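Here the structure is a predicted model, which is why all the values come from computation and not from measurement.
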Amino acid sequence: MPPADEFEIHNQCERLVYKFLQVLEGEQAEVADFFAEDGQAFELVGREKIREHFAGIAAVDDNVNVNLCANLLIDVDDEDHARATNYVTHYVADREADDLTDPMGARVGGELDTARTITRWSWEFRRVEGEWLISRLRYPESVLLRKDVIDPL
């Protein structure tokens with residue numbers, strides 16, 4: 001039987017996925033804050049290992065990254081556990097000249113006309129002291145990898 005607050009659990013997990021993907025576009029190491037202390041991302045276990053991994057990516061990645069989320073399906077298991085799947089279309093572009101800025105003063109990147117990948121993501125969530133966190137993020141399953149886009153990388 002689903003918990004009485006299933007709609008609220010669904011909403012919290014949905015927001016967590018969207019926040020994760022938004023942060024992943026910029027300050028990648030900060031995605032670790034969305035994981036439980038003993039959370040797992042891929043083969044990494046623990047929030048600090050996850051932070052180190054994503055900080056390493058950010059250190060060498062100065063591209064413009066945009067992640068579009070689609071078909072987010074969330075299953076509430078009980079009052080403290082939920083699972084989800086979604087598809088992520090990942091666009092990447094080299095940054096343009098430093099003199100291009102948006103109205104807030106942030107640098108504007110290059111053209112995002114070709115998706116690099118479309119992947120299916122699998123999530124597990126757990127409520128810890130009233131807060132919904134990611135307990136496990138599996139390796140994204142490849143759906144479309146653009147050979148013409150990935151080979152030059």
Side-chain angles (χ1 to χ4, degrees), residues 9-77 81-128 131-153:
I9 293 170
H10 183 279
N11 184 47
Q12 292 296 318
C13 293
E14 179 181 31
R15 291 174 48 86
L16 189 55
V17 169
Y18 290 146
K19 283 188 213 176
F20 177 95
L21 292 172
Q22 182 178 20
V23 170
L24 190 61
E25 292 176 2
E27 299 297 324
Q28 295 182 25
E30 291 181 18
V31 299
D33 296 332
F34 299 122
F35 284 85
E37 196 64 42
D38 63 346
Q40 181 176 348
F42 325 123
E43 299 299 321
L44 307 165
V45 177
R47 191 179 287 158
E48 291 313 308
K49 291 284 186 193
I50 294 167
R51 186 179 316 282
E52 289 172 19
H53 171 76
F54 283 102
I57 294 171
V60 297
D61 182 12
D62 190 39
N63 293 322
V64 176
N65 291 284
V66 176
N67 297 300
L68 300 178
C69 177
N71 295 14
L72 178 58
L73 301 174
I74 298 171
D75 292 313
V76 176
D77 296 327
H81 300 88
R83 295 171 284 115
T85 60
N86 69 308
Y87 289 90
V88 174
T89 304
H90 181 205
Y91 290 88
V92 178
D94 292 331
R95 292 202 181 269
E96 294 285 339
D98 288 339
D99 60 345
L100 295 176
T101 59
D102 67 17
M104 301 299 289
R107 288 193 326 175
V108 174
E111 293 183 25
L112 298 171
D113 58 349
T114 304
R116 178 180 285 179
T117 62
I118 300 174
T119 51
R120 182 176 183 267
W121 293 41
S122 297
W123 309 77
E124 293 177 21
F125 307 100
R126 181 173 73 228
R127 186 175 1 212
V128 178
E131 180 182 13
W132 282 95
L133 297 169
I134 302 165
S135 57
R136 184 171 184 199
L137 175 60
R138 293 193 179 110
Y139 278 111
E141 300 170 30
S142 299
V143 176
L144 170 68
L145 298 175
R146 292 282 310 265
K147 184 172 176 45
D148 61 319
V149 175
I150 293 182
D151 279 353
L153 304 176

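- Partners of Ser122 by side-chain contact (heavy atoms from CB on, under 4.5 Å), not counting sequence neighbours, listed by chain and number: Thr85, Arg120, Arg138, Glu141.
- Judged as a side chain to side chain donor-acceptor pair (under 3.5 Å), and not counting sequence neighbours, His10 has no contacts.
- Residues that satisfy the side chain to side chain donor-acceptor pair (under 3.5 Å) test with Glu14, not counting sequence neighbours, are absent from this structure.
- In this view, Glu48 and Arg51 satisfy the salt bridge (charged side-chain N to carboxylate O under 4.0 Å, His left out) rule, not counting sequence neighbours.
- Annotation: the span from Trp121 atom CH2 to Asn71 atom CG amounts to 15.0 Å, rounded to 0.5 Å.
- Partners of Asn67 by side chain to side chain donor-acceptor pair (under 3.5 Å), not counting sequence neighbours: none found.
- Residues Ala84 and Leu72 approach most closely at CB-CD1, 4.2 Å, considering heavy atoms.
- Taking the salt bridge (charged side-chain N to carboxylate O under 4.0 Å, His left out) definition, one finds that Glu43 meets it with nothing, sequence neighbours left out.
- Residues Ala82 and Ile9 share a closest heavy-atom pair of CB-CG2, 4.3 Å.
- Atoms OH and OG1, from Tyr91 and Thr117 in turn, are 10.0 Å apart once rounded to the nearest 0.5 Å.
- Leu21 has its side chain within reach of Asn86: a pair of non-hydrogen atoms, C-beta onward, lies under 4.5 Å apart.
- Leu44 places none of its side-chain heavy atoms less than 4.5 Å from the side chain of Phe35.
- Of the inter-residue distances, the one linking Cys13 atom SG with His81 atom NE2 reads 11.0 Å to the nearest 0.5 angstrom.
- Residues forming a side-chain contact (heavy atoms from CB on, under 4.5 Å) with Leu16 (at least two apart in sequence, or on another chain): Phe34, Phe125, Ile134.
- With sequence neighbours excluded, the residues forming a side-chain contact (heavy atoms from CB on, under 4.5 Å) with Glu30 are Val23, Glu27, Asp33, listed by chain and number.
- By the ring-ring contact (aromatic ring centres under 6.0 Å, His included) test, Tyr139 pairs with Phe42, sequence neighbours left out.
- Closest heavy-atom contact between Trp132 and Gln12: CD1-CB, 3.7 Å.
- Note that NE2 of His90 and CG of Leu24 are 7.0 Å apart. Values are rounded to the nearest 0.5 Å.
- A pairwise comparison of heavy atoms in Lys49 and Val45 identifies CG-O, 3.5 Å as the closest pair.
- Annotation: ring-ring contact (aromatic ring centres under 6.0 Å, His included) contacts of Phe20 (sequence neighbours excluded): Trp123.
- Atom CD of Gln22 and atom CZ of Arg15 lie 10.5 Å apart (nearest 0.5 Å).
- Separating the CZ atom in Arg83 from the OG atom in Ser135 is a distance of 11.0 Å, to the nearest 0.5 Å.
- Scanning for side chain to side chain donor-acceptor pair (under 3.5 Å) contacts around Asp38 gives Arg126, with sequence neighbours left out.
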